[in-house]
Amino acid sequence: MTDSSSSHVFADRIGRIAVSATMAVSAEAAKLRAQGVNLVDFGAGEPHFNTPRHIKDAAIAAIEGNFTRYTVVPGTPDVRKAIVERHAADFGSDYEIGEAVFTTGGKLALFNTIQVLIDHGDEVILPVPYWVSFKDIVQYAGGKVVFLETSEAENFRVTADAIEKAITPKTKAIILNSPSNPAGSVVSAQDLERIVHLAHERNIFLLLDECYVYLNYAGKPVSGGSFTWAKEHIVVLGSLSKTYAMTGWRAGFALASKKVAANLSKLQSQSTSNATSFVQKAAIAALAGSQQCVSEFRAEFIELRDHMLTRLAEIPGVTCTKPQGAFYVYPNVSAYLGRGGIQTTAELASRLLHEAHVVTVPGEAFGTTQHIRLSYPVTKQNIDEGLRRMKEFLTNLA
Ligand SMILES: Cc1ncc(COP(=O)(O)O)c(C=O)c1O
């Protein structure tokens with residue numbers, strides 16, 4: 001089938017998006033691994049820890065107890081209670097059960113929120129570098145992404161001043177992801193408050209992706225959800241994936257005004273319906289149980305980040321901002337572009353994969369042209385070996 005005939009077969013909206021770059025990298029790496037190639041994997045965006053025992057036990061007990069049927073679409077009142085109570089305890093928010101929706105992963109909370117809020121032509125402000133899916137999900141809904149450049153010299157920090165300049169009469173929403181994937185940049189508490197004011201006063205929705213909110217190494221985690229007076233314009237997008245090492249469980253949520261939450265639930269009622277029943281029980285154990293695992297994970301991530309930065313600094317010509325959160329580093333590799341026939345970071349990542357057997361994600365996926373993303377939830381030995389391979393490959397480029 002030719003391209004032109006396929007354009008008559010498929011809906012216009014599916015042509016507006018691409019396969020998630022990080023998933024594409026994982027698929028390519030899996031092929032090599034299946035051929036017996038020993039890879040060092042800095043590609044995956046997930047913790048290397050196992051899901052804590054008490055969370056697994058709650059799911060097992062739920063299955064054994066036959067908690068295996070449909071639940072109400074936005075999740076049981078118990079799981080929504082656990083979500084709002086955790087958020088209130090940690091950030092001082094005041095959401096009610098009817099303002100929470102439990103979803104099949106944080107990505108679905110984002111996808112549904114965009115579908116509910118964004119129409120054709122609506123502008124959505126998105127700071128660069130951005131997590132791959134934000135752009136595609138907005139484009140799938142027909143929205144126009146307005147990219148907001150940030151400065152590498154300032155740690156890719158998003159400021160209220162920059163946001164204010166990007167606002168136009170067509171701005172419908174602003175997406176903030178702090179700490180961010182891929183650069184680990186954090187919006188300061190002062191800037192966050194000003195951005196909440198800006199959004200609220202101008203009738204703009206602020207979508208706060210808090211996937212890494214507990215992995216903030218710059219200070220005490222903050223949430224825009226704590227500005228309770230602006231609730232009407234705020235949607236908090238949460239995920240249990242990274243916080244509790246639960247990426248495969250698919251557990252996320254949205255916190256929003258009753259009106260927005262009702263529409264998220266309406267949309268979900270026509271697609272996935274409730275998220276998996278026994279995952280809801282596991283989520284309650286995660287959110288309402290001891291949070292010691294969260295601080296243990298956080299402490300280890302800080303150590304791994306520092307180890308990664310030390311090793312990266314040993315590669316001549318590579319520079320890197322110090323990530324203030326999440327679990328990625330985003331080094332600038334421009335010193336090696338134009339060498340060995342490599343022009344783009346996509347080519348560099350591909351050569352690193354096939355020749356040095358190191359998995360990375362090219363910066364083009366996140367909207368920049370001089371970086372690659374390395375995910376550091378691996379062992380220190382893996383960091384040492386992966387960066388040894390990278391250094392050898394790069395310094396041998398003619
Ligand atoms: C910034 C950001 N938001 C949301 C997600 C989605 O997480 P999940 O769907 O596993 O909850 C991810 C996952 O990589 C992410 O990096």
Look at the side chain of Arg80 and the backbone N and O of Phe102, then say whether any donor-acceptor pair between them is shorter than 3.5 Å. no
Within-4.5 Å side-chain heavy-atom neighbours: Phe91 and Val236: no
Tell me whether Ser178 contacts the main-chain N or O of Val187 through its side chain, where contact means a donor paired with an acceptor under 3.5 Å. yes
Is a donor from one side chain sitting under 3.5 angstrom from an acceptor on the other, for Thr345 and Glu364? yes
Any sub-3.5 Å donor-acceptor pair from Asp41's side-chain atoms to Gly43's backbone N or O? yes
Measure the shortest side-chain to side-chain distance between Pro74 and Leu264 over non-hydrogen atoms and say whether it is less than 4.5 angstrom. no
Mind telling me whether Tyr330 and His371 have parallel, tilted or perpendicular rings, with 30° and 60° as the class edges? parallel
Please walk me through it: do Phe301 and Leu215 pass side-chain contact (heavy atoms from CB on, under 4.5 Å)? CA-CA 8 Å; Phe301 284 139; Leu215 299 179; 3.6 Å; yes
Cluster link Val73 to Leu237, ILVMFWY, side chain under 4.5 Å: no
Distance-minimising heavy-atom pair for Pro377 and Leu304: CA-CD1, 4.3 Å
Quick check: do His233 and Leu206 have side-chain heavy atoms less than 4.5 Å from each other? no
Begin from the C-alpha positions of Ile163 and Arg194 and carry the test side-chain contact (heavy atoms from CB on, under 4.5 Å) through to its verdict. CA-CA 10 Å; Ile163 294 270; Arg194 273 197 56 212; over 6 Å; no
Is the count of non-hydrogen atoms from other residues, nucleotides or ligands lying under 6.0 Å from Gln292 atom CD greater than 12? no
Atom CD1 of Ile167 and atom NZ of Lys170: how far apart are they, to the nearest 0.5 Å? 15.5 Å
Going by heavy atoms in the side chains, are Leu337 and Ile342 under 4.5 Å from each other? yes
Please answer: with hydrophobic residues joined when any side-chain heavy atoms are less than 4.5 Å apart, are Tyr217 and Val294 in the same cluster? no
When you compare the side chains of Thr159 and Asp161, does any donor N or O come within less than 3.5 Å of an acceptor on the partner? no
Extract all donor-acceptor atom pairs below 3.5 Å that involve side chains of residues 124-150 and protein atoms in other chains or at least two apart in sequence.
| unit_1 | atom_1 | unit_2 | atom_2 | d |
| --- | --- | --- | --- | --- |
| Asp136 | OD2 | Ala18 | N | 2.8 |
| Tyr140 | OH | Arg13 | NE | 3.4 |
| Thr150 | OG1 | Val128 | O | 2.6 |

Please name the residue in the list Thr310, Val40, Leu312 that meets the side-chain contact (heavy atoms from CB on, under 4.5 Å) test with Leu387. Leu312
With a 3.5 Å distance limit and no angle check, can you tell me whether Asn155 reaches the backbone of Arg157 through a side-chain donor-acceptor pair? no
Backbone N/O of Ala261 and side chain of Ser265: donor-acceptor pair under 3.5 Å: no
Report whether Leu207 and Val213 are members of the same hydrophobic cluster (ILVMFWY, side-chain heavy atoms less than 4.5 Å apart, transitive linking). no
Applying a strict under-4.5 Å side-chain criterion to I, L, V, M, F, W and Y, I'd like to know whether Trp249 and Tyr214 cluster together. yes
Going by an N to O cut-off under 4.0 Å, is there a salt bridge joining Glu347 and Arg351? no
Value for NZ (Lys258) from OH (Tyr95), rounded to nearest 0.5 Å, stands at 12.0 Å
Residue pair Val79, Phe253: steps toward the side-chain contact (heavy atoms from CB on, under 4.5 Å) verdict: CA-CA 10 Å; Val79 76; Phe253 58 87; over 6 Å; no
Working to the nearest 0.5 Å, report the span between CG of Asn38 and CG of Leu32. 11.5 Å
Of all the heavy-atom pairs spanning Thr243 and Cys211, show the shortest one and how long it is. OG1-O, 4.1 Å
Taking all non-hydrogen atoms of both residues into account, name the closest pair between Thr51 and Ala245 and its distance. OG1-O, 2.7 Å
For the backbone of Ser223 and the side chain of Ser226, can you confirm whether one donor and one acceptor N or O come within less than 3.5 Å of each other? yes
Donor-acceptor pair between Ser277 and Thr71 side chains, under 3.5 angstrom: no
Supply the atom-to-atom distance Ser350 OG to Glu28 CD, rounded to the nearest 0.5 angstrom. 7.0 Å
Is the closest side-chain heavy-atom distance between Ile118 and Lys172 below 4.5 Å? yes
Check the pair Arg389 / Glu392 against salt bridge (Lys or Arg N to Asp or Glu O under 4.0 Å), numbers first and verdict last. CA-CA 5 Å; Arg389 292 182 191 183; Glu392 188 179 293; over 6 Å; no
Under the 3.5 angstrom rule, does the side chain of Ser185 hit a backbone N or O of Ser180 as a donor-acceptor pair? no
Between atom CG of Leu110 and atom CG of Leu208, what is the distance when rounded to the nearest 0.5 Å? 11.5 Å
Take Gln291 and Tyr244 through the side chain to side chain donor-acceptor pair (under 3.5 Å) test and state the conclusion after the steps. CA-CA 9 Å; Gln291 299 299 294; Tyr244 301 103; 2.7 Å; yes
What side-chain donor-acceptor pairs closer than 3.5 Å can you find for residues 316-326, not counting sequence neighbours?
| unit_1 | atom_1 | unit_2 | atom_2 | d |
| --- | --- | --- | --- | --- |
| Gln324 | NE2 | Lys322 | O | 2.9 |

For this output row, return yes or no: ring centroids of Tyr212 and Tyr328 closer than 6.0 angstrom. yes
Where do Asn382 and His48 land on the side-chain contact (heavy atoms from CB on, under 4.5 Å) test, with the steps shown first? CA-CA 12 Å; Asn382 268 326; His48 57 313; over 6 Å; no
Between Glu99 and Ser257 the two heavy atoms that sit nearest each other are CG-C, 4.2 Å
Quick test of your reading of the model: are Arg311 and Glu314 salt-bridged, counting only N-O distances below 4.0 Å? yes
Please answer whether the main-chain N or O of Val279 pairs with a side-chain N or O of Thr276 as donor and acceptor at a distance below 3.5 Å. no
Parallel, tilted or perpendicular for Phe297 and Phe49, by the 30°/60° rule? parallel
Can any side-chain N or O of Ser269 pair as donor or acceptor with the backbone N or O of Lys266 at less than 3.5 Å? yes
Correct closest heavy-atom pair for Leu374 and Pro331 would be CD1-CG, 4.0 Å
For residues Val158 and Asp191, determine if any side-chain heavy atom of one lies less than 4.5 Å from a side-chain heavy atom of the other. no
Donor-acceptor pair, Thr171 side chain versus Glu123 backbone, under 3.5 Å? no
Tell me whether Ile302 is reachable from Phe327 by hopping between hydrophobic residues (I, L, V, M, F, W, Y) whose side-chain heavy atoms are closer than 4.5 Å. yes
With the threshold set at 4.0 Å, does a side-chain nitrogen-carboxylate oxygen contact exist between Lys231 and Glu96? no
Should Asp12 and Arg16 be marked as a salt bridge (Lys or Arg N to Asp or Glu O under 4.0 Å) after you check the CA-CA gap, both sets of side-chain angles, and the distance that decides it? CA-CA 7 Å; Asp12 175 48; Arg16 288 198 294 266; 2.7 Å; yes
Tell me whether Lys56 at atom NZ has more than 12 heavy atoms from other residues, nucleotides or ligands lying less than 6.0 Å away. yes
Write down the atom of Leu198, the atom of Ala160, and the distance for their closest heavy-atom approach. CD1-O, 3.7 Å
State, yes or no, whether a side-chain contact exists between Phe366 and Val361 at a heavy-atom distance under 4.5 Å. yes
Residue pair Lys242 / Asn181, side-chain heavy-atom distance below 4.5 Å: no
